[in-house]
Amino acid sequence: MTNTAHTIDTALYDAVTDALRAEAKKVLESGTAAAVIGWQAGRRRGSAVPAIVTDPADAEKLIFSPSCVNNLALYLTKAKKEVREKGKLAVVAKGCDMKALAGLMGENQLKRDDVYIIGVACAGVYGPAIRGNAPLDDGTLARKCRECAAELPEGADVSLGTVPRRPAFTPHEAAELARLEAMTPAERWAFWKEHFSRCIRCYACRQVCPFCYCEQCLCDRNRPQAVETTPRPAGNMAWHMVRAMHLAGRCAGCAECERACPMDIPLNLLNRKMAKELKELYGHEAGFQAKEKGPLAEYREDDNQSFIK
Amino acid sequence: MHIHKEKHAFEPKIVAFVCTWCTYAGADLAGTSRMHYPANVRVVKFPCTGRIDPVFILRAFQKGADGILVSGCHPGDCHYMAGNFHARRRFAVFRQLLDFIGVDLQRLQFSWVSAAEGGKWVEVVTELTERVRAQGPMPEFKELEAEEHWSGAIDTPELNAAYNDI
């Protein structure tokens, strides 16, 4: 497999950046939104950071590049109240971010009318620790993007850019999931134990997740304490299981948790597994359409109960 | 009346999370009917199976349970109309998560036992106890609990590569 055969054409990003600046300017000048949540160039060359633009003149700062990894849906949750206070917001969303927005709308965290969504076509973003203006290829593409099927967000107010033809990448996460599923339970336990014991409980995975918007997290509570808060292996295991369980059927698969994890724990593997099970069991899939109820918030009388005696 | 009690080398700790309306009453019926079932089971009463959080199961395993039973009303009989339907989905998913983490599902039993099914309660509890007894103590969570400090290996190839990159 050569890199040249698997390089994504990045002309899309420049085209989208221009269209994005024009759109943001129009939105702010017409008063459609009081602020646009997007990305701007970071201090390091080629990097990008989330930006909230309120002045039409600042619309020129906005960019879209393969470094725009952040899922901006996070800024529309209860966890970021200070952003919502700015008034009606416009948000730039890649396909995976659009799924998160749809999920938040389904959970009544967000009203469709309160947000102006600028959808951007995306051919993929960089994986961790890629700097500068590296070509977007096999080596630099984020793992989640290798098997992405949501390049163009649907249901946005405006959609910018068209996705270029992407070369077929070998899926990484699906292969890893299959590898784990083929293991014996003891091997899987050893795998997760090793990964979870590294956890330092910084809760970056929680802070960066658009769906972890609870004002009081179960895992922060003591009296009664459900999950030990010190970074010991037992508490770590419990925390990651609780996290996977609370995200089951809600996770939009943006893999921000895995990106934010300083200890490189393969968190999206858990999310993918839960998504896969929910699809098999209840036919649920995270999509662009806001669903009123998630698979664990509803039921059918004829649900499978073969595991119950 | 005194039945012969067999001596075993290992007595498993079984925790039963039961709903107060059906299974608790069913267990009560087994008692008032003077049926015998293993004394290994510790019953914890909840208003409904819908109240039973997967965290409780984790906590019980961490605190030394070798087997866990979750039991409530049959579908359609829930005192709160739909609590057990919700619980059914939740536990179906939680089972898959436990399996993916590497926990032996043989140690976890879900059942529907109504207030009239004292016999079924005896049957379910006996079966689970014997199954867990045959498997021996559950070491995984207990070992994890005993590990005192964070002992992450910081010489993994990935971290070394990242360090050399700086």
Side-chain angles (χ1 to χ4, degrees), chain A residues 128-129 177 180-181 183-194 196-201 218-219 226-228 230-238 240-242 244-245 248-249 263-264 269-270 273-274 276-278 280-282 295-305 307-309, chain B residues 53-59 61-62 69-72 75-76 82 84-105 108-113 120 123-124 127-128 140-154 156 158-159 161-162 165:
Chain A
L177 191 57
L180 269 168
E181 281 172 341
M183 286 179 175
T184 64
E187 284 170 340
R188 276 199 297 267
W189 178 266
F191 174 90
W192 286 115
K193 186 177 164 183
E194 195 273 318
F196 291 156
S197 358
R198 286 208 316 278
C199 176
I200 53 173
R201 298 297 276 288
L218 167 82
C219 298
V227 173
E228 197 187 319
T230 39
R232 289 174 60 220
N236 292 352
M237 176 75 78
H240 287 288
M241 290 180 81
V242 167
M245 198 59 206
M263 301 311 285
D264 288 334
L269 215 52
L270 278 173
K273 171 68 179 173
M274 299 314 274
K276 185 182 164 196
E277 289 303 333
L278 282 159
E280 268 170 30
L281 285 164
Y282 309 118
L296 292 187
E298 60 174 5
Y299 64 88
R300 282 169 57 105
E301 294 200 357
D302 58 348
D303 279 334
N304 171 35
Q305 55 168 2
F307 67 98
I308 301 175
K309 192 179 155 72
Chain B
D53 194 301
V55 164
F56 302 156
I57 296 179
L58 285 180
R59 189 86 174 152
F61 274 138
Q62 283 179 346
L69 171 68
V70 177
S71 186
N84 53 359
F85 285 126
H86 287 290
R88 185 167 65 183
R89 282 207 164 187
R90 192 181 308 148
F91 290 125
V93 172
F94 186 60
R95 263 177 107 250
Q96 300 302 330
L97 176 63
L98 279 177
D99 186 43
F100 189 59
I101 296 284
V103 177
D104 186 0
L105 292 183
L108 193 54
Q109 177 72 56
F110 299 95
S111 68
W112 306 134
V113 174
K120 185 174 174 187
E123 192 186 308
V124 168
E127 197 186 296
L128 178 64
E140 286 96 347
F141 281 100
K142 274 174 248 174
E143 279 171 18
L144 215 56
E145 189 78 0
E147 280 181 30
E148 250 318 311
H149 291 289
W150 175 64
S151 55
I154 46 177
T156 61
E158 296 85 14
L159 284 173
D165 263 6

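The figures here come from the full heavy-atom set of this structure, side chains too, leaving out hydrogens, waters and symmetry mates. On a predicted model such as this, the values are computed, not experimentally measured, just so you know. Lettering of chains follows the sequences in order, A, B, ..., and the numbering in each one begins at 1.
The residue among A/P128, A/A190, A/A297, A/A244 with the most heavy atom pairs within less than 4.5 Å of chain B is A/A297. For the set B/L105, B/L97, B/V113, B/I101, the entry with the most heavy-atom pairs within less than 4.5 Å of chain A is B/I101. Among the candidates B/R90, B/E158, B/R95, the residue making the largest number of heavy-atom pairs closer than 4.5 Å to chain A is B/R95. Looking only at heavy-atom pairs under 4.5 Å with chain A, the residue among B/F110, B/F91, B/F100 that has the most is B/F100. The choice from A/E187, A/K193, A/E298 that makes the most heavy-atom pairs within less than 4.5 Å of chain B is A/E298.
The contact between A/E277 and chain B is made entirely by side chain atoms (from C-beta outward), counting heavy-atom distances below 4.5 Å. Using a 4.5 Å cut-off between heavy atoms, B/E140 contacts chain A through both its backbone and its side chain. For a residue to count as touching a neighbouring chain, one of its non-hydrogen atoms must lie under 4.5 Å from one of that chain's; by this rule A/A226 touches chain B with backbone and side chain alike. Using a 4.5 Å cut-off between heavy atoms, A/L296 contacts chain B through both its backbone and its side chain. Only the side chain of B/R59 comes within less than 4.5 Å of a heavy atom in chain A; its backbone stays farther off. Looking at A/W189, the atoms closer than 4.5 Å to chain B (heavy atoms on both sides) sit in the backbone and in the side chain alike. With a 4.5 angstrom heavy-atom cutoff, B/L58 touches chain A only via side-chain atoms. Contacts of A/M274 with chain B are made by side-chain atoms alone, with heavy-atom separations under 4.5 Å and no backbone atom involved. For a residue to count as touching a neighbouring chain, one of its non-hydrogen atoms must lie under 4.5 Å from one of that chain's; by this rule A/R201 does not touch chain B.
The OG atom of B/S71 sits 7.5 Å away from the NZ atom of B/K120 when rounded to the nearest 0.5 Å. Atom CE of A/M241 sits about 8.5 Å away from atom CG of A/L270, to the nearest 0.5 Å.
Ion pairing between A/K273 and A/E181 holds under the 4.0 Å rule for side-chain N and carboxylate O. A salt bridge links B/D99 with A/R188: the distance from a Lys NZ or Arg NE/NH1/NH2 to an Asp or Glu carboxylate oxygen falls below 4.0 Å.
Classified by interplanar angle (parallel below 30°, tilted 30° to 60°, perpendicular above 60°), the ring pair B/F141/B/F61 is parallel.
Qualifying salt bridge (Lys or Arg N to Asp or Glu O under 4.0 Å) partners for B/D104, counting only residues two or more places apart in sequence or in other chains: none. Remark: A/Y299 pairs with B/F85, B/H86 by the ring pair (Phe, Tyr, Trp, His ring centres under 6.0 Å) rule, at least two apart or across chains.
Closest approach of A/A234 and B/Q62 over heavy atoms only: O-NE2, 3.1 Å. When all heavy atoms of B/R88 and B/P75 are compared, the closest pair comes out as NH1-CG, 3.6 Å.
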